[in-house]
Visitor: 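Quick one: this structure, given as C-alpha cells, is what I'll be asking you about.
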Amino acid sequence: MRFRRNRLGYWSLIAFVVMVLVSLCAELVSNDRPLVVRYEGNLYFPMAKDYPEKTFGGDFETSTDYLDPFIRERLSGNGNWALFAPNPYGPKTLNYFAAEPNPSPPTRANLLGTDDRGRDLLAQLIYGFRVSVLFALALTLTGVVLGVLAGAVQGFFGGKTDLAFQRFIEIWGSMPELYLLIIFSAIFAPSIALLLVLLSLFGWMGLSDYVRAEFLRNRQLDYVRAARALGVGNWQIIIRHVLPNSLTPVVTFLPFRMSGAILALTSLDFLGLGVPPGTPSLGELLSQGKNNIDAWWISLSTFAVLVLTLLLLTFMGDALRDALDPRKADQDPVAGAKEPG
C-alpha cells in the first residue's frame, strides 16, 4: 500500500511492465513476416513455417520476401490478403526499397528511420530493449543469489570465516574487470552467456556487504538465540529465521542493480565487447549514432529509450526504498493511525 501511495514509482512500474510485455511480444509487434496469409483459398502462417516463393506465385524455391512489391501484389486482391504486424520489419530486415540512402531519416515506411545498414530503427529498439532487459534480469538474479549467499555466510558465522571472505573480496574486487573482458573476448567467441558469466563473477560483491551487515545485526537477536537453544541447525536458522528478516536491502536495490546491468551491457556493446554481431543492441545503435553524426534520429531515439528505461527503474527503486523504510512507516498517517477506543 505504501508503494502505491508513491504515485511516481507506481506508474513507473506500470509503464516499465508494459514496455517489457511489448518487447516480449516483439514478434507480434514488429516482424517482416505476416501473422496470417490467405492465398487462393488457403491459410498460411509464415511466422510458424517458412514458405518458398513459389507458394505465392513466385519463380524461386528460396524463402519468401514478404516486403517484395511483387509478393505484396500477389497477396492483395482476388480474395488474397496478408495480416502484417503493426511494424512490418524484423531486427535484421534490410529495407531494399527505401527512397533515400542509408541511414535514411524517419518516413512513413520507417517511422524512426533506418540505421547505416538499412535496418528499421524501431524494430532494432524493440528487440534491443528486450535483450537488455532480459540480460539485466538474469545478471541481477545471479548477482543476488551469489551476493546473498556470500553475505549470509560472512555475517552469520563471523570470526575467521568473515575475515577470510573479506580478504578474498578485497583481492577479487581489485581485479581489472574491463581488461578481463577484453582478454576473454579475444579468446572466446562473443556470446551473451559468456558475458553473463564474466559480469556475474564481479556483480555480487556490492550486495554481499549489505547482506553481511544485516546478518551481523540479526544474529544477535533473541529469536536467533532461542532457536540455537532449541538445537536448530545453523543453515536452518539462516534460511528460516535470519534471511527473511535481512532481505530489505536486497529488495530495495533490485531496480538499481537492473539499471547498472543495462548500463554495463550498453557500454560494452558500445565498445564492441558485448553481444555477438547482428544481435539487436542499444549500445551498438549508440555507436552507429557516434559514427553517423548527421543521422540524428539514431542517437536521439536510442538515447530516449535508454534514459526512459533508467528513469523508470530509478523511480521504482526510490518508491520501493521508501515503502520498506521503517522510519517512513512511523511517519505514515495511515499505518500509524490508531483506532478510537
Side-chain angles (χ1 to χ4, degrees), residues 18-132 275-282 284-285 288-289 291-292 294-302 304-305:
V18 170
M19 291 173 63
V20 172
L21 291 178
V22 170
S23 68
L24 293 178
C25 302
E27 286 77 10
L28 301 177
V29 177
S30 183
N31 203 322
D32 58 354
R33 297 190 175 196
L35 307 180
V36 183
V37 171
R38 187 179 188 276
Y39 182 74
E40 295 184 350
N42 298 318
L43 290 179
Y44 300 90
F45 301 92
M47 288 186 59
K49 184 178 179 180
D50 192 12
Y51 298 101
E53 187 177 294
K54 280 189 174 182
T55 306
F56 307 108
D59 299 324
F60 305 102
E61 291 288 348
T62 56
S63 299
T64 305
D65 181 6
Y66 295 95
L67 300 182
D68 189 330
F70 172 77
I71 298 297
R72 284 288 188 96
E73 183 180 354
R74 299 290 300 179
L75 298 181
S76 61
N78 299 324
N80 302 328
W81 51 265
L83 178 61
F84 280 87
N87 186 49
Y89 299 98
K92 299 180 180 180
T93 306
L94 300 180
N95 188 0
Y96 296 106
F97 310 102
E100 299 185 31
N102 299 318
S104 64
T107 60
R108 292 184 60 182
N110 302 100
L111 297 180
L112 296 181
T114 63
D115 63 6
D116 57 6
R117 302 175 192 174
R119 299 174 300 183
D120 182 70
L121 193 57
L122 179 57
Q124 288 284 300
L125 292 175
I126 295 175
Y127 285 87
F129 175 79
R130 180 170 68 178
V131 171
S132 298
V275 297
T279 305
S281 165
L282 299 180
E284 195 257 343
L285 289 177
Q288 286 195 32
N291 296 329
N292 300 274
D294 294 337
W296 53 266
W297 53 91
I298 300 179
S299 300
L300 182 61
S301 57
T302 308
V305 171

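Heavy atoms only: backbone and side chains are in, while hydrogens, waters and symmetry mates are out. Position 1 is the first residue of the sequence; numbering continues from there.
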Visitor: In Å, rounded to the nearest 0.5 Å, how long is the span from CG of Asp294 to CG of Asn292?
Guide: 8.0 Å
Visitor: The test is side-chain contact (heavy atoms from CB on, under 4.5 Å); show your working for Gln288 and Gln124 and say whether it passes.
Guide: CA-CA 12 Å; Gln288 286 195 32; Gln124 288 284 300; 5.7 Å; no
Visitor: Find the distance between CG (Asp115) and OG (Ser301) and round it off to the nearest 0.5 Å.
Guide: 10.0 Å
Visitor: Which heavy atom of Trp297 sits nearest a heavy atom of Pro103, and at what distance?
Guide: CZ2-O, 3.2 Å
Visitor: Pairs in or reaching into residues 45-56: which pass side chain to side chain donor-acceptor pair (under 3.5 Å), with residues at least two apart or in two chains?
Guide: Arg33-Asp50, Asp50-Ser63
Visitor: Could you grab the distance from atom CE of Met19 to atom CG of Leu24, nearest 0.5 Å is fine?
Guide: 12.0 Å
Visitor: Suppose we screen for ring-ring contact (aromatic ring centres under 6.0 Å, His included). Which residues come up paired with Phe56, at least two apart in sequence or across chains?
Guide: Tyr39, Tyr44, Tyr66
Visitor: Is there a side-chain contact between Arg130 and Pro91 in this structure, where contact means two heavy atoms from C-beta onward sitting under 4.5 Å apart?
Guide: no
Visitor: Can you pull out every salt bridge (Lys or Arg N to Asp or Glu O under 4.0 Å) where at least one residue sits in residues 88-103? Sequence neighbours excluded, please.
Guide: none
Visitor: Sub-3.5 Å donor-acceptor pair from the side chain of Asn95 to the main-chain atoms of Gly118, do we have one?
Guide: no
Visitor: Under 4.5 Å between any side-chain heavy atoms of Asn110 and Leu122, yes or no?
Guide: no
Visitor: So does Asn80 get a backbone contact from the side chain of Asn78, meaning a donor-acceptor N/O pair under 3.5 Å?
Guide: no
Visitor: Do Val20 and Phe129 have side chains that approach each other closer than 4.5 Å (heavy atoms only, starting at C-beta)?
Guide: yes
Visitor: What residues form a side chain to side chain donor-acceptor pair (under 3.5 Å) with Asp59, not counting sequence neighbours?
Guide: none
Visitor: Once rounded to the nearest 0.5 Å, what's the spacing between atom CG of Leu67 and atom OH of Tyr96?
Guide: 10.5 Å
Visitor: Of the non-hydrogen atoms in Trp81 and Gly79, which two are nearest, and what is the gap between them?
Guide: CD1-O, 3.6 Å
Visitor: State, to 0.1 Å, how close Leu35 and Phe45 come at their nearest heavy-atom pair, and which atoms those are.
Guide: O-CD2, 3.9 Å
Visitor: State, to 0.1 Å, how close Leu28 and Pro86 come at their nearest heavy-atom pair, and which atoms those are.
Guide: O-CD, 3.5 Å
Visitor: More than 12 heavy atoms of other residues, nucleotides or ligands under 6.0 Å from CD of Glu73: yes or no?
Guide: no
Visitor: Would you say that Pro46 contacts Thr64 through its side chain, given a criterion of any heavy-atom pair below 4.5 Å between the two side chains?
Guide: no
Visitor: Does one side chain, of Asn291 or Asp116, offer a donor that lies under 3.5 Å from an acceptor on the other?
Guide: no
Visitor: Just jot down the side chain to side chain donor-acceptor pair (under 3.5 Å) partners of Ser104, sequence neighbours excluded, or say none.
Guide: Thr114
Visitor: Please round to the nearest 0.5 Å and tell me the distance separating atom CG of Leu282 and atom OH of Tyr127.
Guide: 14.5 Å
Visitor: Side-chain contact, heavy-atom cut-off 4.5 Å: Leu121 with Leu285?
Guide: yes
Visitor: Looking at Thr93, Asn87, Val22, which one forms a side-chain contact (heavy atoms from CB on, under 4.5 Å) with Ser30?
Guide: Asn87
Visitor: Looking at Ser132 and Gly128, would you say the former's side chain and the latter's main chain have a donor-acceptor pair under 3.5 Å?
Guide: yes
Visitor: Could you list the residues that satisfy side chain to side chain donor-acceptor pair (under 3.5 Å) with Ser281, not counting sequence neighbours?
Guide: Asp269
